[in-house]
Amino acid sequence: MSQTHQAAIQSVKGMPDILPAEAEFWELFEDTVRSWLKAYGYRPIRMPIVEPTPLFKRAIGEVTDIVEKEMYSFIDSLNGEPLTLRPEGTAGCVRAVIQHSLIAQQPQRLYYMGPMFRHERPQKGRYRQFHQVGVEALGCAGPDIDAEMILMGARLWADLGLEGIELQLNSLGQPDERARHRAELIAYFEAHAELLDEDGKRRLHTNPLRILDSKNPALQELCAAAPKLIDYLGEASLAHFEGVQRVLKDAGLPYTINPRLVRGLDYYNLTVFEWVTDRLGAQGTVCAGGRYDGLVGQLGGKPAPACGFAMGVERLIALIKDAGGEPAAPAPDVYLVHQGEAATRLAFRTAEGLRDQGIDVLLHCGGGSFKSQMKKADGSGAAFAVIIGDDEAATGEAQLKPLRDEGAGQRKLKVDDLAAAIVDQLIDANQADDEE
RNA sequence: GCGGCAUUAGCUCAGUCGGUAGAGCACUGGAUUGUGAUUCCAGGUGUCACCGGUUCGAUCCCGGUAUGUCGCCCCA
């Protein structure tokens with residue numbers, strides 16, 4: 001015993017492991033999401049997790065919280081290149097679309113799923129490595145694609161069996177309209193600066209729209225009388241907004257217009273939307289997106305309209321669990337028990353033969369008594385134990401023991417006849433289930 | 001980044017008004033020389049998160065750190 005006891009290395013704060021019991025929820029979620037995306041004609045794209053730092057500064061905006069204090073940025077020590085772990089997916093996706101001229105073929109409907117990184121204080125539903133499914137459509141200018149993306153969300157919540165996710169909608173107008181409103185808003189609050197609380201004063205020049213969001217009751221009157229963005233929207237912007245709403249009304253999808261809904265990233269214009277729930281505490285937004293017509297041009301591509309949204313996988317999975325969703329228990333059809341050298345050799349041959357017939361086999365490894373192996377067979381959830389000992393090995397046979405059917409007894413069969421017998425009994429069991 | 005709360009066996013938790021600790025489940029073996037889920041029996045040093053302070057003595061009190069959690073900020 002000369003080994004010294006070293007402190008175990010732990011995962012990085014806010015970057016948790018997703019263990020099997022949890023990961024099975026993720027696979028259930030991802031399966032549902034993939035077939036949902038397929039139903040709307042979206043194709044997969046996979047971008048690197050690391051991008052040049054200037055990409056995010058240009059796309060997201062220099063003065064956003066994300067860029068100012070949440071990005072994992074570093075200098076590649078081998079060549080001095082400034083790099084960043086992606087804090088969101090749209091910038092990289094648009095970069096890839098421009099770089100590979102995908103925009104020539106319009107519209108492009110694309111999706112991706114994977115980890116994003118933001119250096120925030122972790123809590124439930126918010127992590128430093130978190131996961132998003134991103135959906136982007138490039139090349140469509142009209143309100144139809146905005147509306148379709150919103151309808152997509154409603155369908156996914158239904159597919160996932162989720163209730164209580166509500167839609168909030170707003171229009172940010174065009175950049176000039178937004179800028180005019182912002183200037184008026186700042187002037188308005190400056191004129192009433194003595195009424196602002198500390199938070200409000202801090203936000204006045206960083207994020208004046210957020211003042212409208214204040215929970216301070218003393219500010220409600222002041223905020224209610226503040227200039228409203230919608231009054232600054234031009235005819236075209238209003239028509240676009242109404243076009244989106246018309247589709248939602250036709251579809252019978254309820255929504256709330258939230259004039260205070262502003263996205264945290266600078267690239268949005270016109271339609272913005274969020275799907276929110278009150279079941280996740282402080283992190284109520286499970287999906288958010290909107291139109292970003294300026295971004296392609298801003299990143300050096302030939303200007304093209306675009307719209308997209310992203311959903312938080314951790315948050316949605318929390319809701320799925322909350323709603324009682326359960327992934328199917330992963331059980332093999334057969335647990336193969338064996339003891340003795342000849343038996344083990346026959347066991348390998350038998351297991352591969354069963355798999356050839358599409359039967360899932362968990363072959364016992366690690367030795368142990370028949371008793372302990374049978375305990376593992378039961379624990380595995382397998383429908384059958386196949387048992388091979390010295391006696392069976394000598395004759396090329398195996399015991400087939402049903403583990404879930406009280407009435408069925410153990411039978412000794414030729415190894416080559418196992419697959420047919422197992423398939424027959426599995427079919428019988430399914431029919432019995434159906435008749436109940 | 002700021003504030004509150006938490007951290008005891010693999011899991012869920014109890015406990016010690018400061019004298020180094022327990023239950024249930026899980027796990028392993030046996031009762032049954034080759035057979036599970038039921039029954040019975042046996043099996044626990046676990047750095048009481050980590051580092052330091054107070055104390056004759058700290059898992060318990062105090063301080064710091066780490067991680068989680070709730071809220072704020074912000075966001076998916």
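Throughout, protein chains are lettered first and strands after them, A, B, ... in sequence-line order, and every chain is numbered starting at 1. Bear in mind that the values here come from a model prediction, so they are computed numbers and not experimental data.
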Any side-chain donor-acceptor pair under 3.5 Å between Q132(A) and E88(A)?
->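 Side chains of Q132(A) and E88(A): no pair found under 3.5 Å.
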Decide whether E136(A) and Y112(A) meet the rule of one side-chain donor and one side-chain acceptor closer than 3.5 Å.
-> yes
Among rU35(B), rG68(B), rC75(B), which nucleotide sits nearest the side chain of P122(A)?
->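 Within the option list, the nearest is rG68(B).
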Between rU35(B), rA37(B), rA76(B), spot the one nearest the side chain of D378(A), thanks.
->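 Nearest nucleotide to the side chain: rA37(B).
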Can you spot which of H131(A), E30(A), M116(A) makes a side-chain contact (heavy atoms from CB on, under 4.5 Å) with V313(A)?
->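 It is H131(A); the other options fail the test.
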Taking the [atom1] atom in each of [N] and [M], what is the distance between them to the nearest angstrom?
N       : M       : atom1 : answer
rG4(B)  : rC73(B) : C1'   : 16 Å
rA26(B) : rC48(B) : P     : 26 Å
rA49(B) : rU16(B) : P     : 16 Å
rG10(B) : rU45(B) : P     : 12 Å
rA14(B) : rU7(B)  : P     : 8 Å
rC25(B) : rA21(B) : P     : 23 Å
rG44(B) : rU39(B) : C1'   : 24 Å
rG15(B) : rA31(B) : C1'   : 35 Å

With distance as the sole criterion, do the side chain of [X] and the base of [N] form a donor-acceptor contact below 3.5 Å?
X       : N       : value
Q373(A) : rU35(B) : no
E392(A) : rG34(B) : yes
R315(A) : rC75(B) : yes
R121(A) : rG71(B) : no
R126(A) : rC73(B) : yes

Heavy atoms under 4.0 Å, any strand shown: does [X] hit a base, just sugar-phosphate, or nothing?
X       : result
E70(A)  : sugar-phosphate
G134(A) : nothing
Q339(A) : nothing
G281(A) : sugar-phosphate
F384(A) : nothing
S11(A)  : nothing
A288(A) : sugar-phosphate

Side-chain N or O of [X] versus OP1/OP2 of [N]: is the shortest distance under 4.0 Å?
X       : N       : value
H131(A) : rA76(B) : no
Q123(A) : rG71(B) : yes
K124(A) : rG68(B) : no
K376(A) : rU28(B) : yes
K13(A)  : rU67(B) : yes

Relative to the 5' end of RNA chain B, which residue comes earlier, K69(A) or K401(A), by the nucleotide with the nearest heavy atom?
->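 By nearest-heavy-atom nucleotide position, the 5'-most residue is K401(A).
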Where each residue is assigned the nucleotide of RNA chain B containing its nearest heavy atom, which of I387(A) and R128(A) is assigned the position nearer the 5′ end?
-> R128(A)
For [N], the Watson-Crick or wobble counterpart (both distances under 3.5 Å):
N       : result
rU45(B) : none
rC5(B)  : rG68(B)
rU54(B) : none
rC25(B) : rG10(B)
rG18(B) : none

Do the charged groups of D416(A) and K414(A) touch, with an N to O distance under 4.0 Å?
-> no
Expressed in angstrom and rounded to an integer, what is the separation of [X] atom [atom1] from [N] atom [atom2]?
X       : N       : atom1 : atom2 : result
Y111(A) : rA76(B) : OH    : C1'   : 19 Å
Q10(A)  : rG68(B) : CD    : C1'   : 11 Å
D278(A) : rG71(B) : CG    : C1'   : 17 Å
D65(A)  : rG1(B)  : CG    : P     : 13 Å
M116(A) : rC74(B) : CE    : C1'   : 18 Å
L261(A) : rC74(B) : CG    : C1'   : 14 Å
Y335(A) : rG34(B) : OH    : C1'   : 16 Å
Y72(A)  : rG1(B)  : OH    : C1'   : 13 Å

Is it the case that more than 12 heavy atoms not belonging to Q410(A) sit under 6.0 Å from its CD atom?
->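 Counting other residues, nucleotides and ligands, CD of Q410(A) exceeds 12 neighbours.
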Please say whether more than 12 non-hydrogen atoms of neighbouring residues, nucleotides or ligands are located less than 6.0 Å from NZ in K69(A).
-> no
Option from R404(A), K371(A), K401(A) for which salt bridge (charged side-chain N to carboxylate O under 4.0 Å, His left out) with D378(A) holds | R404(A)
Got a second to check how far L346(A)'s CG is from D390(A)'s CG, nearest 0.5 Å?
->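 L346(A) atom CG to D390(A) atom CG measures 11.0 Å (nearest 0.5 Å).
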Going by the angle between their ring planes, with limits at 30° and 60°, are Y72(A) and H119(A) parallel, tilted or perpendicular?
->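 Tilted, since the angle between the ring planes falls between 30° and 60°.
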